[in-house]
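This is a predicted model, so every value here is computed, not measured.
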Amino acid sequence: MVEKKTDSVEVIPREKKIDSKVTTQTIKKSANFIYYADADDVNMLDTKDDYDYMNIEETKQKKQRMNGFDPIYNNIVDYIVKITRQIWKEKDIGLIYDTYSTSISVHKGLINSHGINEVISGTLQTLHAFPDRKGLGWSVIWSGDDEAGFFTSHRGRSVATHLGDSSLYGPATGKKVVFRTSADCMILNNKIYEEWLVMDTYHLVQQLGLDPVVIAKKIAKSTQKLAPSIRFGLNETAETGLPPKIFTPSSDEFEIGEFMQLVFNRIWARRSFNFVKEYYEENAVVHYVCNKDVIGVSEIQGMFISLFSSVPNAKVILERVTCNRRGSDSDWDVAVRWRIQGMHEGSGYFGNPSGKAIDIAGISHYRIVNEKISEEWLLFDGMEVLRQIHLPDENELEQGDESLIDDGNFTGVS
């Protein structure tokens with residue numbers, strides 16, 4: 001795929017642009033990787049759990065045109081909530097055949113799986129190790145329609161007990177675990193045909209009392225052929241020493257798509273952490289990996305410094321920005337799928353530098369109130385990054401180790 005650059009943040013457009021009902025001014029200003037929809041068109045999940053959502057009064061259920069979908073789904077948020085509940089809580093694994101494309105692609109960091117049988121297998125293996133796993137949805141940000149296709153970004157939390165033995169996690173420990181998940185889905189005619197899955201499996205491993213590095217090395221060996229080390233160096237990540245360009249908005253007026261570009265340009269791409277004061281509320285909260293809440297400007301700045309000190313010359317890639325209007329042009333829910341690509345050459349969140357090229361894939365959800373970020377949910381899979389760091393070099397694998405490589409794509413949980 002040819003990569004297209006937009007100012008200081010690199011953009012890889014993956015889906016056809018779909019505009020939903022928003023103001024003409026917003027659509028006119030939107031870039032080709034920014035999508036919009038109106039929260040009033042659906043029943044947003046918000047702070048309701050799935051039980052409360054399922055029991056919304058019939059007179060308050062909002063109907064969206066859903067041609068090609070099963071008539072039990074009122075709108076695209078309704079679709080995501082209901083199938084997630086039925087598959088994981090009700091254990092209706094067979095529903096996957098009805099709601100996932102036969103040729104679905106699932107992306108977990110650099111590990112990609114293809115085909116519905118891989119989804120079935122991953123689900124069953126997860127339930128074998130964690131048979132009581134259930135997911136609690138927190139938010140579904142969406143865009144699109146039933147003609148060109150819907151998009152959803154689903155944020156939630158999984159609760160489970162380690163009751164089954166597994167080759168990766170070892171004998172059942174009986175320990176309860178809680179970990180956050182985010183999933184971006186492309187959906188058409190009642191079926192999910194592409195999914196980007198991010199889970200805080202590092203936090204899960206910690207709660208099981210296991211050593212994340214030991215588990216990462218085990219996953220690295222089993223996926224070396226499936227997802228080998230990525231090939232790039234300092235020239236690609238730092239763009240031969242040129243500084244990231246400064247993104248310039250089209251006007252002084254607040255526009256949500258351009259605001260998100262400013263956030264990622266100034267804070268992420270250029271590492272100008274002083275802009276946290278400008279774009280975040282004074283007492284904003286970032287729900288970070290490993291169930292850590294980062295509160296206030298100083299702590300948020302420290303969080304970004306720790307993350308980027310591991311990859312000081314990294315480039316930032318925006319894959320998709322999805323904006324849901326919440327009553328006014330200054331209040332929004334936003335989902336951003338992003339990547340950080342760079343050389344692990346600094347001490348920071350991922351420990352001592354390894355010199356390896358790493359790709360950090362993440363999904364962030366934002367609550368924007370009065371033109372500032374009041375709350376953020378930032379998620380990436382630390383185990384996937386450790387897997388990349390500990391991938392064996394070709395000369396590190398002895399011939400006798402080949403039996404350890406099965407090229408399976410199940411890496412713990414689904």
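Here the OG1-CG distance, from T248 to L262, works out to 8.5 Å after rounding to the nearest 0.5 Å. Interatomic distance, H162 NE2 to L208 CG, rounded to the nearest 0.5 Å: 5.5 Å. The distance from atom CD1 of I72 to atom NZ of K82, rounded to the nearest 0.5 Å, is 6.0 Å.
No side-chain heavy atom of K176 sits less than 4.5 Å from a side-chain heavy atom of V159. Contact of the T99 side chain with the Y73 side chain is registered, since non-hydrogen atoms from C-beta on lie closer than 4.5 Å. Counting heavy atoms from C-beta outward, V334 and I141 have side chains that stay 4.5 Å or more apart. In this structure, F254 and I368 have side chains that are in contact, with non-hydrogen atoms separated by less than 4.5 Å. Residues D200 and L204 have side chains not in contact (no heavy-atom distance under 4.5 Å, counting atoms from C-beta outward). In this structure, Q207 and H203 have side chains that are in contact, with non-hydrogen atoms separated by less than 4.5 Å. Side-chain contact between S139 and L45 is absent, with no heavy atoms from C-beta onward closer than 4.5 Å. I256 places a side-chain heavy atom less than 4.5 Å from the side chain of Y36.
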Problem set entry | Check against side-chain contact (heavy atoms from CB on, under 4.5 Å), R180 and N291 | CA-CA 8 Å; R180 291 197 294 129; N291 203 34; 5.6 Å; no
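Surrounding NZ of K62 are more than 12 heavy atoms belonging to other residues, nucleotides or ligands, all under 6.0 Å away. Within 6.0 Å of CG in N274 there are more than 12 heavy atoms belonging to other residues, nucleotides or ligands. K63 NZ: more than 12 foreign heavy atoms inside a 6.0 Å radius. Within 6.0 Å of the CD atom in E282, the count of heavy atoms belonging to other residues, nucleotides or ligands does not exceed 12.
Residues T223 and R387 have side chains that bring a donor and an acceptor to within less than 3.5 angstrom of each other. No hydrogens or angles considered: nothing links the side chains of S166 and H128 as a donor-acceptor pair under 3.5 Å. A side-chain donor from one of T322 and R320 sits under 3.5 Å from a side-chain acceptor of the other. Judged purely by distance below 3.5 Å, without hydrogens or angles, the side chains of E345 and N313 pair a donor atom with an acceptor atom.
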Atom pairs and distances, side-chain donor-acceptor, residues 370-377, under 3.5 Å, sequence neighbours left out:
{"from": "S374", "atom 1": "OG", "to": "R367", "atom 2": "O", "distance (Å)": "3.2"}
{"from": "E375", "atom 1": "OE2", "to": "H287", "atom 2": "NE2", "distance (Å)": "2.6"}
{"from": "E376", "atom 1": "OE1", "to": "Y280", "atom 2": "OH", "distance (Å)": "2.6"}
{"from": "E376", "atom 1": "OE2", "to": "Y366", "atom 2": "OH", "distance (Å)": "3.3"}

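The six-membered or imidazole ring of F259 lies near that of Y279, with a centre-to-centre distance under 6.0 Å. Taking the six-membered ring for Trp and the full ring otherwise, the centers of Y35 and F151 sit at least 6.0 Å from each other.
The shortest non-hydrogen separation linking K191 to D98 is NZ-O, 3.4 Å. When every heavy atom of L168 is checked against every heavy atom of I219, the shortest pair comes out as CD1-CG1, 3.7 Å. Residues Y349 and L307 approach most closely at CB-CA, 4.4 Å, considering heavy atoms. The two residues A216 and H390 have their closest heavy-atom pair at CB-CD2, 4.3 Å. Of all non-hydrogen atoms in I363 and S153, the two that sit nearest each other are CG2-OG, 3.9 Å. Nearest heavy-atom pair, N112 versus H107, reported as atom, atom and distance to 0.1 Å: OD1-ND1, 2.8 Å.
Below 30°, between 30° and 60°, or above 60°: for Y288 and F380 the angle between ring planes is above 60°, a perpendicular geometry.
Not a single donor-acceptor pair under 3.5 Å links the side chain of D333 to the backbone N or O of N324. In this structure, T126 contributes its side chain and G122 its backbone to a donor-acceptor pair below 3.5 Å. Not one N or O on the side chain of R270 forms a donor-acceptor pair closer than 3.5 Å with the backbone of W268.
Not counting sequence neighbours, the partners of E147 by the side-chain hydrogen bond (donor to acceptor under 3.5 Å, both in side chains) test are R65. D165 pairs by the side-chain hydrogen bond (donor to acceptor under 3.5 Å, both in side chains) definition with nothing, not counting sequence neighbours.
Ionic pairing of E319 and R339 is present here: one or more N-O contacts between side-chain nitrogen and carboxylate oxygen are shorter than 4.0 angstrom.
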